[in-house]
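This report concerns only the one structure given below.
Note: hydrogens, waters and symmetry copies are ignored here, and every other heavy atom, side chains too, is used. Letters A, B, ... are given to chains in the order of the sequence lines, protein chains preceding strands, and every chain is numbered from 1.
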2 protein chains.
Amino acid sequence: MNEFNEYFKSAFTVDNVIFGFDEGDLKVLLINRGEEPFKGKWALPGYFVYPSEDLDTAAKRVLDELTGLRNVYLEQVKTFGAVGRHPIGRVITVAYFSLIKISHYNIQPSSIAKKAKWHSVSKVDDLAFDHKEILDACFNRLKWLVRSRPVGFELLPPKFTLTELQHLYEAILETELDKRNFRKKILSMNLLIDLDETQEGVAHRPARLYKFDREKYEKFLAEGFSFELKESKKKEKKTKKKMRANLA
Amino acid sequence: MNEFNEYFKSAFTVDNVIFGFDEGDLKVLLINRGEEPFKGKWALPGYFVYPSEDLDTAAKRVLDELTGLRNVYLEQVKTFGAVGRHPIGRVITVAYFSLIKISHYNIQPSSIAKKAKWHSVSKVDDLAFDHKEILDACFNRLKWLVRSRPVGFELLPPKFTLTELQHLYEAILETELDKRNFRKKILSMNLLIDLDETQEGVAHRPARLYKFDREKYEKFLAEGFSFELKESKKKEKKTKKKMRANLA
DNA sequence: GGAATTAGTGTAAAGTTTACACTACCTGCT
DNA sequence: AGCAGGTAGTGTAAACTTTACACTAATTCC
C-alpha cells in the first residue's frame, strides 16, 4: 500500500434477497429501516463485509443473523457499484439470493430480525437505495434457475403435494403450466419419493404427499443434467413463426 | 461516514477476460506482469476502479486502453473477494468478459498493451492472483451463453463461412457438432445473410461467405428467443437413462 | 487428368412437447 | 343417504424437434 492508497477508501457490503414460498405466493424477506437514510422504507437485509471475512461468509452471516438458518441455497448474483448508490460514500454491494423454507424460519432475537417481514415479490415496488434493481436481478436469476434445475425443493416444506409444487413453479415463472404435462415431466425425473400418505383435513379429495429424493438430486446436479419447463400455450397463441430453412 | 469508517479501507478492481477467436482456437488476452507481486507471470488485464467511476465504465476503460475497441460485448460475471487474494490489502475484483474480433484489434500505444498477448484458452493453466479461477468462471459463462444465443457473431470477422462458425462453436463448447445438423439449425434462425461470394485462394472447393443480420439479431434478443445446440452423440453413446414415469 | 481436400446437401427414425377432458375421492350439507 | 362442491389424478394422438448418417460438387495442385 503506497501509491495505491487513494483507492483504499471504499467499502463493500452484501445484500441478500431471501426468497420463501407461502400461501401460493413467492415472498421476499425485507427489513424496515429504522434510521436515515431511507428511514421507514423497506430494504434488503445486508451489511458491511468485515475486513477478515470472505464474501460468501458475509452473506451467510447476514442470513444466519436474520433467520437462524444455515446450509441453505445461496448464490452470488451480481455486484452493484454505481457511484452515487449510497449516500455515505462509495459503497459497492454484492447481491446474493437464498432460498429457504418459510416453515423452518424462526424469528431471531437480533434487533434486525424484529424489523423483518415477508412481502409478496409481485407487490414490492419501492425499496431503499437501488434495492429494487437488485431484487429484480435476483428474481430473474431465480426464474432462469428454476427452468434448468428442480430448485423448488429448497422452498417447499419436506412433504408436499404435486399441486403445491406446480403452484410454486407457476409463482416463480409467472405463468400457468399444464397440470398433466407438469406431472409427467416432474415424475419422469425420478427425483420425488411417493410417501404413500395423503393430505388431511381438506374438504376435497386429499392429494398424495411426496418428498424430495436428495440423493438423486445430488447425482442430477453432478451430472449436469438439465430440464426445461415450458409454459402452457393454451391461452397465448403466439404467432409461431416457423422460420424454416432457406435451403434449395 | 462516522461509525462506519473502519469499513472504508478496501479497494476494488475490475478484471476483464477478453475472448477472441483465431486459427480455429478460442483465445484470451493476457498481460505479462512487469512488477511484483507475481512478476513475470501472466495475468488478466484489470485495474482499480476510480472513485468517480461506475463498474461498467471501469471495465470499458480497461478494454479500451488495451485494445482501442468500444461498443463490444461486455458482461459482468462474478465478484471475487477472498480475504487473502491480493497481497497489498483487501481488494475485491469484479470480473467481466468481453468478446472481440481479433481482426479488429490493434495494438495500442499504452505501456500495458505492449505486454499483452493472446493465449489459447485451453492451454492457460497458471495465472497471477486468483485469475485462473476468474478465467474459468468467465469461460463457463461463455459456454452457457453460446448455447442460448448465437453469440459467435461477436467473435468472427464480418464475412465468414459456415464451417468457421461451426469451428467457433466447437471451440467454445469443447465438443464436436454434426455438420448437417449445425447448418440446419443455424440457417433456420434466419440470422445469416448469404453474401453470394465465395472464399478465394483455398486449395479446395471454396465455401460461401455469410454475414450476420444485425437487425434480425436485435429482434431475436428483444423477443427473448433462445436456441439450443447439442453435441453430436456420434462418439459418445452415453447410457441414456430413459427415466420413465412411474405411473400406474 | 487425377489426387487431394473441403463444401454442401436430405431423410427417416426416435424422442419430446403439446393440447386436451373426464373420472375418482373426499367433505359437508340437507 | 345422497348430492353438491371441490381438488386429485390420469392417457393419448398430433405436431414438432432432434438425431444419425454418406454421398456428390467444386476447387487447386501436381
For dA7(C), does the base pair up with any side-chain atom of Arg180(B) as donor and acceptor (N or O, under 3.5 Å, distance only)? no
Does any donor-acceptor pair link the side chain of Lys184(A) with the base of dT10(D) at a separation under 3.5 Å? no
Within this structure, what is the [atom1]-to-[atom2] distance between [X] and [N], rounded to whole angstrom?
X	N	atom1	atom2	result
His204(A)	dG6(D)	NE2	P	11 Å
Asp178(A)	dT17(C)	CG	C1'	10 Å
Gln166(A)	dA8(D)	CD	P	9 Å
Arg183(A)	dA8(D)	CZ	P	7 Å
Glu164(A)	dT7(D)	CD	P	13 Å

Toward the 5' end of DNA chain D, by each residue's nearest nucleotide, Thr163(A) or Val202(B): Thr163(A)
Set of ring-ring contact (aromatic ring centres under 6.0 Å, His included) partners for Phe212(B), sequence neighbours left out: Phe153(B), Tyr217(B)
ring-ring contact (aromatic ring centres under 6.0 Å, His included) partners for His204(B), two or more places apart: none
Electrostatic pair Lys27(B)-Asp22(B), nearest N-O below 4.0 angstrom: no
Under the 6.0 Å and 45° cation-pi test, does Lys78(B) pair with Phe80(B)? yes
Within 45° of the axis and under 6.0 Å from the centre of the six-membered ring of Tyr105(A), does NZ or CZ of Lys101(A) qualify? no
Among [options], the one nearest [X] by side-chain distance:
X	options	result
Lys179(A)	dA7(C), dT10(D), dC25(C)	dT10(D)
Asn181(B)	dT5(C), dT7(D), dT19(D)	dT19(D)
Arg205(B)	dT27(C), dG9(D), dA26(D)	dA26(D)

Arg183(B) and Thr163(B): side-chain hydrogen bond (donor to acceptor under 3.5 Å, both in side chains), yes or no, with the steps? CA-CA 9 Å; Arg183(B) 285 167 183 239; Thr163(B) 300; 3.1 Å; yes
Across the strands shown, which category fits Thr198(A) at heavy-atom distances under 4.0 angstrom: base, sugar-phosphate, nothing? nothing
Identify whether any heavy atom of Thr161(A) sits under 4.0 Å from a base atom; if not, whether one sits that close to sugar-phosphate; answer base, sugar-phosphate or nothing. nothing
Which range-with-range stems can be found for DNA chain D when each stem has 3 or more Watson-Crick or G-U pairs in a row and both distances sit under 3.5 Å? C:1-30 with D:1-30
Got Leu162(A) and Leu192(A) here, is their nearest side-chain heavy-atom distance under 4.5 Å? yes
